There are 2 protein chains.
Amino acid sequence: MATKARRAPRRTDALSREVIVEAATQILDTGGEEALTLRALTVRLSTGYGALYHHVANKDDLLAAAADAVIARAMTDVTAEGEPRETLRAIALSLFDAINAHPWLGAQLSRGPWRPALLEIYESVGEQLEALGVPEYALFDSAGALVNYILGVAGQNAANARAAKDVDRTASLAAVAVQWAQLDPARYPRLHKAAARLREHDDRRQFLAGVDLFLAGIETVRRRLPEK
Amino acid sequence: MATKARRAPRRTDALSREVIVEAATQILDTGGEEALTLRALTVRLSTGYGALYHHVANKDDLLAAAADAVIARAMTDVTAEGEPRETLRAIALSLFDAINAHPWLGAQLSRGPWRPALLEIYESVGEQLEALGVPEYALFDSAGALVNYILGVAGQNAANARAAKDVDRTASLAAVAVQWAQLDPARYPRLHKAAARLREHDDRRQFLAGVDLFLAGIETVRRRLPEK
DNA sequence: ACCTGAACACCGTTCAAGT
DNA sequence: ACCTGAACACCGTTCAAGT
């Protein structure tokens, strides 16, 4: 307490990319995207900026790595034992839950189809669609549509989580419902009417309904081709 | 040239929220999201920070307003004259084209279903689904699924545009295709194989294929109910 | 009411210097 | 090789002061 320029307590164990990514993930989960600053990381890991940049290219790299780790975990959680349709629903739900638990994933998944996290998703979805019997010519479009749907929901979920913050989910849903109800019925008749439905709606259930809609569409493509 | 602290040329016409939003849109279109700084706006409009903040709450507000204007224009471009199915495809394509022309829209559309831009989209999609004969109990989920699909594609498009920058589209597609081809065939067999297809694929066509897949799925819901 | 621009707090990133 | 931390360039935002 006496010496004013006391050296910061030096960490004993070596730093590593994994340790940094892990710490970043915890900061993101606890405080959201805005809480993750390089400064916050140096404090948490009792280290300096240079040490971080020695293991990580930059902040984007760090965010991408954190997203990859979380997605990979979510994908391996799914057992591909059962029926392809059920496995697809399980994949979708696992992703939904992961994005809900880590809302910052939303922004990371909109970063182009070459990031590892998306590769993982495309591969798994493609595998199950193939098992489902989707003909090869339709596989590319079908997988793209399903993944993009998942990403769309991911983005909206992230936005909701960002807006909700500490407020609980039902309260913020109710707030939006109130807004919709106040919309001019002449200009937005359907939204105005749907406000009631919005309040009682279940994100997860609606997400799955969308997946099923999509699978039903796939089914029609599959049937369009004669048994081979 | 002699006086060192010459007063900046003062604008003669009054500033307004519309003028600011318009200027912001042009900066975004020309230089991308990162080009829009408050500084750049003051230079372009030959004004000061306070003037901007007098008409606009903050940068987020400005971005949202720019997005609303572009989306509203894209939606009114669509004529709702023909068959609902064709109108839905036209809405989807109009949005796709708008997002392509203004890639910064991608991030703005992932901001929760209470922003005006999304209200516009939900209302129009809902209207056409209703006209298509989707029963009321399924309207909410169907509209949600379709809009979320569009948003997912929007996010990916924005990411592509961000990555492509000056590089032309086919070149960056080819680059991703090369990456996919280099993936370990044991770990990513389907992506590895799909690399060839990726190179020759057409974003816009694939987007529409996804829309059709959803519409086909919706059709099965519609048929599940007896004629009323 | 509308606008100016210096100042503030806070970013991500760099780099000379230490061990 | 791995790490430290002052320094740099650049944000969005504020606000006392002008017209």
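The sequence lines fix the lettering, A, B, ..., with proteins before strands; numbering per chain opens at 1. Computed from a predicted structure; not experimentally measured.
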In terms of side-chain heavy atoms of [X], which of [options] is nearest?
X	options	answer
A/Leu38	D/dT14, D/dT4, C/dT13	C/dT13
A/His55	D/dC11, C/dT4, D/dC3	D/dC3
B/His54	C/dT14, D/dT13, C/dA1	C/dA1
A/Ala51	D/dT4, D/dC11, C/dT4	D/dT4
B/Tyr49	D/dT4, C/dT13, C/dA6	C/dA6
A/Asn58	C/dC3, D/dG12, C/dT13	C/dT13
A/Lys59	D/dT14, C/dC3, C/dT13	C/dT13

In whole Å, what is the span from the [atom1] atom of [X] to the [atom2] atom of [N]?
X	N	atom1	atom2	result
B/Leu41	C/dC3	CG	C1'	15 Å
A/Asp60	C/dG12	CG	P	11 Å
A/Glu34	D/dT13	CD	P	13 Å
B/Leu15	C/dG5	CG	P	14 Å
B/Arg39	C/dA6	CZ	P	10 Å
B/Arg17	C/dA1	CZ	P	19 Å
B/Leu36	D/dT13	CG	P	11 Å
B/Leu52	D/dT14	CG	C1'	13 Å

Quick one: [atom1] on [X] to [atom2] on [Y], what's the gap to the nearest 0.5 Å?
X	Y	atom1	atom2	value
B/Ile27	B/Leu62	CD1	CG	9.0 Å
A/Ile121	A/Leu95	CD1	CG	4.5 Å
A/His102	A/Asn100	NE2	CG	10.0 Å
B/Leu105	B/Leu28	CG	CG	9.0 Å
A/Glu123	A/Gln128	CD	CD	10.5 Å

### Task
Give the intermediate values and the outcome of side chain to side chain contact (heavy atoms under 4.5 Å, CB included) for residues A/Glu120 and A/Arg115.
CA-CA 9 Å; A/Glu120 213 75 40; A/Arg115 303 303 267 261; over 6 Å; no
### Query
Taking a pair as Watson-Crick (N1 to N3 plus N6-O4 or O6-N4) or G-U wobble (N1-O2 and O6-N3), both under 3.5 Å, which stems of 3 or more consecutive pairs involve DNA chain C?
C:4-8 with D:12-16, C:12-16 with D:4-8
### Pair A/Phe214 and A/Tyr149, ring centroids less than 6.0 Å apart
no
